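Step one of this worksheet: look at the structure below.
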Amino acid sequence: MSATQSDAIESHLAALGFDNRFAAELPADPESSNFRRQVAKACYSCVEPTPVTRPKLIGWSPEAAALLDLPADPGDGKALAEIFAGNRLLAGMLPIATCYGGHQFGTWAGQLGDGRAINLGEIVNKRGERWTLQLKGAGPTPYSRTADGLAVLRSSLREFLCSEAMFHLGVPTTRALSLVLTGEEVMRDILYDGHPAPEPGAVVCRVAPSFTRFGHFEILAARHDVELLRQLLDFTIATDFPHLDHADPRTRYLDWFDEVTTRTADMIVHWMRVGFVHGVMNTDNMSVLGLTIDYGPYGWLEDYDSDWTPNTTDASTRRYRFGQQPAVAQWNLGQLGNAIYPLIGEAGPLNAVLNGFAKRYTEGARAMTAAKLGFERYIPEHDDALSEELFALLGAVETDMTLFFRKLAQVDPGDLEGEPLDEAYYQPAPLDATYRKRRAAWLAAYARRAQIDGRSDNDRRAQMNSVNPRFVLRNYLAQLAIDKAEAGDYSMIGELLTVLRDPYSEQSGREEFAARRPDWARHRPGCSMLSCSS
Ligand code: AMP
Ligand code: MG
């Protein structure tokens, strides 16, 4: 990179305007040294990232950079690596770790907090938008409990790519600006089987309007700190929900809960649309902004199975399986409702909002199903049966969800053989006659329904292709990028980012990135099974 390029990046960085409202307006932990502890009567602790030896920038999202008025081209990445590994603080940054609690797998877990996340500060960009920068994996904080505060390359790469893939799919999500190797090793026991091994360490810089979770409220309620609970909620409304910052407090808090409920329901509809399984929907991993947050042992449905979860840590109860995500989201909202109850004093109105989740989700899911099938709207008398049989068919033989919907758009009405669909099946053997007959009956019903809808085939296809992605971050693709990166070849990170930037286009020449999971990936850790080790 030329001197002028690096000067340009330096001047962009120098121009970032910080306005750290969370730290300025909420109470800080008075203790300033960095040791593990319970932090009461405060929302955050000041803590500096731990410097690393050889930071190297291996991933950069031009679209996330644009949010911060940073350049699309990272140049040689040297200055950026220093900053987004946490080695160099810029003027105006104020690093903090925040305090939250949470229900993990249905059980109250007490204080959790940013154990390996450090907010660098809040940037107000040229358009007046506020974005919080957060490093994940930049060293221990008072909230690290028994862990090391670090993150490994494989999980960081997965978070970096998936955050941006989700954004381009139109799914509400936290964003990822950068992926930096630390040059240091981190010990992890991937399979939790007593074989810890060194892995490359990495840091992701995440970006979101705020990282406030359900658990931020839960911890204050659990500690009966109603005063701070009210302060945090007033702050959250003023900063993240300014349009609600008017009515009397009781209405305002209920309106806020209603909006969080709505946003959460809408986010889950998107997850179900694209076949995303979060894997760890603990209440500490739920954003009040309705953003997908904390990409850990997540996965994408390959063969359609509503009972599937990628998270091996959840294998016994499958609490966070694909089909259970709406119900879990509502349960989590129930915990948030409990947390703010002291500010409302009446359960009735909170329950009414909570019960509204089902309606919002059902309406959203119906509209989404109609859109996936290319219809203008959902007509229950036709579409209840049509969609029920469709999902039964998808589950009857191993069928790739993403490919099926994409290929369905290519089936001509009246073509009961549905040949374009062949590519979506995992079974190498020909489909049996009973299944083919059943599918033909469904295709006939679908064609009749499309006629009632009245759209032209072209319009229906265009509609389907705008909500049924061709490209998602298939579990095995992420793993291939990880295998290469661990061997020192970072090329696939940028390559995948490029493909995933435009997930609804055909992108001819890039068919390999749309292919169904190869057989080798069926049972390989990282591809179909992920532990929480990260
Ligand atoms: P997660 O299951 O990743 O959402 O994490 C749950 C809690 O554990 C959060 O408080 C995290 O900050 C914390 N945590 C997870 N991994 C680490 C780590 N390696 N070091 C410190 N804290 C961690
Ligand atoms: Mg988490």
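None of the values given here were measured: they were computed from a predicted structure. In listed order, ligands and their atoms are each counted from 1.
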task = Do me a favour and list the nearest non-hydrogen protein atom to atom 4 (O) of ligand 1 with residue, atom name and distance?
result = N285 OD1, 2.9 Å
Lys/Arg cation over aromatic F167: R175, 6.0 Å, 45° cone = yes
request  = Classify the ring geometry between F235 and F22 as parallel (under 30°), tilted (30 to 60°) or perpendicular (over 60°).
outcome  = perpendicular
message = Would you say that more than 12 heavy atoms from the other residues, nucleotides or ligands in this model lie under 6.0 Å from the CD of E63, or not?
response = yes
ask   = Which protein non-hydrogen atom lies closest to atom 13 (C) of ligand 1, naming both residue and atom, and how far is it?
value = R145 NH2, 3.6 Å
message = Can you confirm whether R54 is buried at CZ, in the sense that more than 12 heavy atoms of other residues, nucleotides or ligands lie under 6.0 Å from that atom?
response = no
request  = Can you label the angle between the F84 ring and the W60 ring as parallel, tilted or perpendicular, going by 30° and 60°?
outcome  = tilted
ask   = Considering only the protein, which heavy-atom contact is closest to atom 19 (N) of ligand 1, and what is its distance?
value = D148 OD1, 3.1 Å
Result of checking Y44, Y100, F211 against H216 for ring pair (Phe, Tyr, Trp, His ring centres under 6.0 Å) = Y100
query = Do S61 and E164 have side-chain N/O donor and acceptor atoms under 3.5 Å apart?
reply = yes
inquiry  = Using a 4.0 Å cutoff against the non-hydrogen atoms of L112, which atoms of ligand 1 qualify?
reply    = 10 (O)
Numbered atoms of ligand 1 (with element) below 4.0 Å of A147, judged on heavy atoms = 17 (C), 18 (C), 19 (N), 20 (N), 21 (C), 22 (N)
message = Can you report which non-hydrogen protein atom sits closest to atom 20 (N) of ligand 1, along with the distance?
response = G149 N, 2.7 Å
task = Using the side-chain hydrogen bond (donor to acceptor under 3.5 Å, both in side chains) rule, take H278 and T292 through it: C-alpha gap first, then chi angles, then the decisive distance, then the call.
result = CA-CA 8 Å; H278 182 285; T292 312; over 6 Å; no
message = Can you name the atoms of ligand 1, numbered from 1 with element, that are less than 4.0 Å from a heavy atom of L150?
response = 19 (N)
request  = Check step by step if ring-ring contact (aromatic ring centres under 6.0 Å, His included) holds for F105 and Y320.
outcome  = CA-CA 8 Å; F105 298 94; Y320 298 140; 5.2 Å; yes
request  = Measure the distance from atom 15 (C) of ligand 1 to every protein heavy atom, then report the residue, atom name and distance (to 0.1 Å) of the closest one.
outcome  = R116 NE, 3.8 Å
remark   = heavy-atom search around atom 11 (C) of ligand 1 in the protein gives G113 O, 3.9 Å
key: Contact atoms of ligand 1, heavy-atom distance to D284 under 4.0 Å   = 4 (O), 6 (C)
Aromatic ring proximity, centroids under 6.0 angstrom, W256 and F217 = yes
message = Restricting to non-hydrogen atoms, name the atom on G101 and the atom on D284 that form the minimum distance, rounded to 0.1 Å.
response = O-CB, 3.4 Å
ask   = Counting only heavy atoms on the protein side, is anything nearer than 4.0 Å to atom 22 (N) of ligand 1?
value = yes
note = Listing protein N, O or S under 2.8 Å around the Mg ion (ligand 2) gives N285 OD1, D294 OD2
note = One finds that the ligand 1 atoms under 4.0 Å from a non-hydrogen atom of Y100 are 9 (C), 10 (O)
request  = Answer yes or no: are there more than 12 heavy-atom neighbours, outside H195 itself, under 6.0 Å from its atom NE2?
outcome  = no
ask   = Quick one: which of R474, R517, R522, R516 gives a side-chain hydrogen bond (donor to acceptor under 3.5 Å, both in side chains) with E302?
value = R517
task = Within a distance under 4.0 Å of any heavy atom of R188, pick out the atoms of ligand 1 and give their elements.
result = 19 (N)
query = Considering only the protein, which heavy-atom contact is closest to atom 12 (O) of ligand 1, and what is its distance?
reply = G115 N, 2.8 Å
D114 N/O to ligand 1 N/O under 3.5 Å = no
query = Which residue, L90, N119, V207, I118, forms the side-chain contact (heavy atoms from CB on, under 4.5 Å) with L133?
reply = V207
query = For ligand 1, is G296 a contact, meaning one of its heavy atoms is under 4.0 Å away?
reply = no
ask   = Considering only heavy atoms, does D294 approach ligand 1 within less than 4.0 Å through its side chain, its backbone, both, or neither?
value = side chain
ask   = Atoms of ligand 1 less than 4.0 Å from Q104 heavy atoms?
value = 6 (C)
message = Within the structure provided, determine whether S210 and E122 are in side-chain contact (heavy-atom separation under 4.5 Å).
response = no
